[in-house]
Number of protein chains: 2
Amino acid sequence: MSCCKKNENSFNEEQLARFAKAMGHPTRIEILCFLASMDSCYFGDIHQELPIAKATVSQHLKELKEAGLIQGEIETPKVKYCINRENWEKAKTYFASFFDTLNEKTICCK
Amino acid sequence: MSCCKKNENSFNEEQLARFAKAMGHPTRIEILCFLASMDSCYFGDIHQELPIAKATVSQHLKELKEAGLIQGEIETPKVKYCINRENWEKAKTYFASFFDTLNEKTICCK
DNA sequence: AATATTGTTCGTAATTTTGCGAACAACAAA
DNA sequence: TTTGTTGTTCGCAAAATTACGAACAATATT
């Protein structure tokens, strides 16, 4: 058998880029930090923390939701948001694996 | 002394967002993975890996360089690129800290 | 039925990002 | 001096992002 094949990534590059893109805005990082510091909260609480229009907040939340990092639930008349823990762990693992690939290089079979 | 103050982040939110933004494109993730799998390589090697114009590759490299994740060095007539290890570690730590904030919540002083 | 509360969606404008070919710069080789 | 090699920069077009106010939807209250 020939030797020294490339190590397979333990993360999906497309998915990692999607997570990263969602995190690539200061306001969205702020929202994520805010949500990570509590179990859950309402839209209004998030809006109150930020110096921007509610329409803009709503848009950022939508992007974070579509990236899978948070989830929202209607609790009439409010909307409750929280971290999506399953995907949070997934993202955590992906980023960790990605940064660990440095120096790993190749593996040799046999 | 009053109690239960919020935990200070062990990462800079602005900086984290900047790292994330740079990583927020599939092509740039691909470049980073490629570079992370070796000590260094030339522009041409990177271009060869990708199905896009060299002008576009150059632009992506510029963004990664400005974000501090990679560095370039002229080795006439070629340009040698590699991971910026110092900032790579910094980014690795920032992302790890960020994802670890979940569940940490608050700390109580006595 | 009219009002109030809470967020989302729509329409719009300004800016940024992405991608390309062409032109260019720096240097080595013929 | 001309030619070739390697990448960057320029100028442009298309698309996506960011931000806002206004309008709207859903529900509860008066």
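Each chain gets a letter, A, B and so on, in the order the sequences are listed, and its residues count up from 1. Since the model is a prediction, treat every value here as computed from it, not as a measurement. Any value given below was found using the heavy atoms of this structure, including those in side chains, with hydrogens, waters and symmetry copies removed.
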Going by side chain to side chain donor-acceptor pair (under 3.5 Å), name the residues that satisfy it together with A:E13, two or more places apart in sequence or in a different chain. A:N9
Sorted by chain and number, sequence neighbours left out, side chain to side chain donor-acceptor pair (under 3.5 Å) with B:S40 holds for none
Between atom CD1 in B:I46 and atom P in D:dT6, what is the gap in whole Å? 14 Å
Name the nucleic acid region contacted by A:H60, choosing base, sugar-phosphate or nothing; use a 4.0 angstrom heavy-atom cut-off, strictly under. sugar-phosphate
Applying ring-ring contact (aromatic ring centres under 6.0 Å, His included), which residue pairs with at least one partner in residues 65-89 of chain B are found, sequence neighbours left out? A:F98-B:W88, A:F99-B:W88
Heavy-atom contacts under 4.0 Å between residues 15-30 of chain A and DNA chain D, which residues? A:K21, A:H25, A:R28
Please report, rounded to the nearest Å, how far the C1' atom of D:dA26 is from the CD1 atom of A:I74. 9 Å
How close or far is atom C1' of D:dG7 from atom CG of B:L64, stated in whole angstroms? 16 Å
Who passes side chain to side chain donor-acceptor pair (under 3.5 Å) against B:Q59, sequence neighbours left out? none
A correct 5'-to-3' footprint of nucleotides 5-14 of chain C, with B, S and - meaning base, sugar-phosphate only and no protein heavy atom under 4.0 Å, is -SBBB-----
Take atom CG of A:L50 and atom C1' of D:dC20, then tell me their distance rounded to the nearest Å. 15 Å
What nucleic acid atoms does B:T56 come within less than 4.0 Å of, heavy atoms only: base, sugar-phosphate, or nothing? base
In chain order, what residues pass the salt bridge (charged side-chain N to carboxylate O under 4.0 Å, His left out) check against A:K92, with sequence neighbours excluded? B:D100
Closer than 3.5 angstrom, by distance alone: can the side chain of A:H47 be matched with the main-chain N or O of A:I52 as a donor-acceptor pair? yes
Here the salt bridge (charged side-chain N to carboxylate O under 4.0 Å, His left out) pairs for residues 56-81 of chain A, sequence neighbours left out, are A:R28-A:E63, A:E75-A:K80
Quick one: ring-ring contact (aromatic ring centres under 6.0 Å, His included) partners of B:Y94, sequence neighbours excluded? none
